[in-house]
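Working notes for the structure below.
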Amino acid sequence: MGYAEKRGDYWRARYNIAPGVRRTVEDAAGVTIRYRTKRDAKKAADAAQSNFDSGTRRDPAMGRETFAQYASRWYAAQDLAASTMQNYRRHIEEHLLPTFGGRPMAEISALEVDAWEKRERAVPYAPASVKTWRSTLHLIFEDAIGEGLRESNPAAKRRGRGKRAGRSRNRGPEKVITDGLGVLLIAERAALLAGRDDEFVAIVLMGFTGMRWGEVVGLETQFVRPRSVRVESQLYELDTGEMHRCPPKDDSHRTIDAPDWLGELLRGQIAERSPQQCKCHGRRYVFRGHRAANGAARRPGPKLVDVARRADVSTGTVSNVLNRPGTVPPATATKVTTAIADLGYVRSGWSGELAAHWRRSGFATWLFQPSASGDYPRRSASDSHPVPILAEPWPGVPVRGRGAAARADACWTPIARGLTPHGLRHSHKTMMEELGAPPKLMDERMGHEDGSVQARYSHVTATMRRRLLDGLTAVWERALDDRRAISERSPVAVLDRLLSAPGSDAVGTDEAPG
């Protein structure tokens, strides 16, 4: 047992570490702790003796290891997915080390952690982001406790400290969703912005299957089957720009039933693009990026200025031929179109090879967001502004280049302002709920797992699957009917074929599903 020893006007706690060898209880800095009473010193001595006897006592010098030193050692010991390691590294380097890096592990207090969180929120960073960074800090300190560097976790959240109990005040706004027609219209606009059908097929796929973004980007041609899509992997974009191929989130490998019309869209996409093996992974993916690969835009190849020189006209004239052909004299237009054919110039395209995959930020910022909200996002000092378009054909072809707003006839209006690609997963889940799909089937399609007893005794049948596919088909056909009522043609080739397909007038149901 430990004992208390009187030292002038204070007591110190002593305990035995070997026959005839005693040690004094010290703080994290190695300074003897001075107790006011014999009772407090005896209690601390007994606790230290108990810890030492049970093998949990650590060298006090370990507590003086700085947060930066321990965090570096902690990170090196982790063996997790590349995406998780990337996130931990970003949290530590960008948000934790600047504040705690030079502080000894044992001296960091809960008040310091709370003050750090308050400053991060005031920057302002999103509350959800700050919560994630604090969770990483909490995990680091938990492992430090296991090594004996600390006795408590200063990042542990203390409840009920001056705040009224109840619902969290940091809940974000409700997720924006859309319906079948909204999915179709957004997909059409994205295809117009990209100048090809790929974006139309990809957005419809997300809206009618609930697949995650990485699962769509990582969809391989071999997993597109006549009546289903197999989710076998995903592509995760690392900070280095590398597209890391890894299992889907939470290992949610699954087969998603696909309506016949969706299967035809995907097979048409594959047939038209004839995907080649990707240089990244040596696999054939259904979709490719829409921007030039790194450096491709600087490679030799025909550009708009080359067309202007060949036709002996200005670049503005070439732009008018491409965007407003009715404003250019026929003879001049003929010279320009001849130059385009001779040079092999691709409108709204880049010379060289396309990037192997979409970049998440590029797709969401410059294709999806303008399609859903009708506005290009803010860029540097410029505010967000509506997408300028030519009024015909409907829904309007985006006008590009200098002076685009002056040459435009109108601009796009919002379809679902605030909708994100991930919001299509929420939209699909809502769509299934409106169709009365069983929870077990919804979880299967979404890649979720319900561990409840009720879910264990629930099973998915062929009848349930067929009923859901029939419902999704009805939603799609009604969306086509509504789109056709606005305009019977589309500048997007794949949608134009759907709108003008034989027997399309008979497509639809008497009552909209859901």
Side-chain angles (χ1 to χ4, degrees), residues 66-68 71 74-75 83-103 105 107-142 153-178 212-214 236-241 249 359-386 414 416-426:
T66 66
F67 179 85
W74 176 87
Y75 181 84
S83 57
T84 305
M85 295 297 290
Q86 170 184 275
N87 290 337
Y88 281 160
R89 185 186 186 96
R90 187 186 301 123
H91 301 168
I92 293 171
E93 292 182 350
E94 297 179 9
H95 301 282
L96 302 182
L97 289 184
T99 299
F100 305 110
R103 301 277 290 132
M105 286 291 291
E107 294 182 10
I108 299 174
S109 68
L111 289 177
E112 288 181 75
V113 174
D114 289 343
W116 161 81
E117 180 178 357
K118 185 176 181 180
R119 289 194 301 271
E120 294 290 284
R121 290 179 182 272
V123 169
Y125 289 116
S129 298
V130 178
K131 182 178 179 181
T132 301
W133 305 330
R134 180 161 182 152
S135 296
T136 301
L137 185 63
H138 182 277
L139 182 60
I140 292 172
F141 277 117
E142 280 297 304
N153 192 331
K157 204 69 173 177
R158 296 170 293 169
R159 300 182 181 275
R161 302 300 296 270
K163 291 184 179 180
R164 182 177 179 180
R167 294 183 178 181
S168 170
R169 300 189 300 175
N170 296 323
R171 292 185 62 188
E174 184 177 3
K175 199 75 174 178
V176 177
I177 62 172
T178 190
R212 299 180 178 94
W213 161 257
Y236 187 92
E237 185 177 351
L238 301 177
D239 288 344
T240 59
K249 184 178 180 180
R359 296 298 179 187
R360 188 185 190 103
S361 59
F363 182 93
T365 303
W366 300 108
L367 293 178
F368 194 90
Q369 180 181 329
S371 300
S373 68
D375 293 335
Y376 283 124
R378 178 174 179 173
R379 187 173 188 177
S380 63
S382 302
D383 293 331
S384 61
H385 58 280
R417 192 181 295 279
L419 183 71
T420 64
H422 185 75
L424 293 179
R425 272 177 63 80
H426 291 252

Backbone of Arg119 reached by a side-chain donor or acceptor of Tyr125 within 3.5 Å: no

How far apart are the C-alpha atoms of Tyr75 and Ile140, what are their side-chain angles, what is the distance that settles it, and do they pass the side chain to side chain contact (heavy atoms under 4.5 Å, CB included) test? CA-CA 9 Å; Tyr75 181 84; Ile140 292 172; over 6 Å; no

Between the OH atom in Tyr236 and the CG atom in Asn87, the distance rounded to the nearest 0.5 Å is 4.0 Å

If you measure from CZ on Phe363 to CD on Gln369, what distance do you get to the nearest 0.5 Å? 12.5 Å

Interatomic spacing from CD in Glu237 to CH2 in Trp213 - rounded to 0.5 Å: 9.0 Å

List in chain and number order the residues that pass ring-ring contact (aromatic ring centres under 6.0 Å, His included) with Tyr88, two or more places apart in sequence or in another chain; answer none if no residue qualifies. Trp74

Between CE on residue Met85 and CG on residue Leu238, distance to nearest 0.5 Å: 12.0 Å

Report the C-alpha separation of Glu94 and Arg89 in whole Å, then their side-chain angles, then the decisive distance to 0.1 Å, and conclude whether the side chain to side chain contact (heavy atoms under 4.5 Å, CB included) test is met. CA-CA 8 Å; Glu94 297 179 9; Arg89 185 186 186 96; over 6 Å; no

Only counting residues at least two apart or in another chain, list the ones meeting side-chain hydrogen bond (donor to acceptor under 3.5 Å, both in side chains) with Arg425. His448

Can you tell me how far apart OG1 (Thr420) and CZ (Phe368) are? Round to the nearest 0.5 Å. 6.5 Å

Using the side chain to side chain contact (heavy atoms under 4.5 Å, CB included) rule, take Val113 and Phe100 through it: C-alpha gap first, then chi angles, then the decisive distance, then the call. CA-CA 9 Å; Val113 174; Phe100 305 110; 4.3 Å; yes

For Arg360, the side-chain hydrogen bond (donor to acceptor under 3.5 Å, both in side chains) test, sequence neighbours excluded, returns none

Are side-chain heavy atoms of His422 and Arg212 found at a separation under 4.5 Å? no

Can Arg103 and Glu112 be counted as an ion pair, charged N to O under 4.0 angstrom? yes

Between Trp116 (side chain) and His95 (backbone), is there a donor-acceptor pair under 3.5 Å? yes

Please indicate whether Arg90 has more than 12 foreign heavy atoms, meaning atoms of other residues, nucleotides or ligands, lying under 6.0 Å from its CZ. yes

What are the two closest non-hydrogen atoms of Leu419 and Thr178, and how far apart are they? CD2-CG2, 3.9 Å

Taking all non-hydrogen atoms of both residues, which atom of Ile92 and which atom of Ala71 are closest, and how far apart? CG2-CB, 4.2 Å

What is the minimum heavy-atom distance between Pro386 and Asp375, and which atoms define it? CA-OD1, 3.3 Å

Those residues at least two apart in sequence (or on a different chain) that pass side-chain hydrogen bond (donor to acceptor under 3.5 Å, both in side chains) with Glu117 are Arg121, Arg134, Lys157

Sorted by chain and number, sequence neighbours left out, ring-ring contact (aromatic ring centres under 6.0 Å, His included) with His138 holds for none

Main chain of Ala155, side chain of Asn153: is a donor-acceptor contact present, judged purely on distance under 3.5 Å? yes

According to side-chain hydrogen bond (donor to acceptor under 3.5 Å, both in side chains), who are the partners of Thr136, at least two apart in sequence or on a separate chain? His91

For a quick test of reading the model, state the closest non-hydrogen atom pair linking Ala364 to Pro370 and the distance between them. O-CD, 4.5 Å

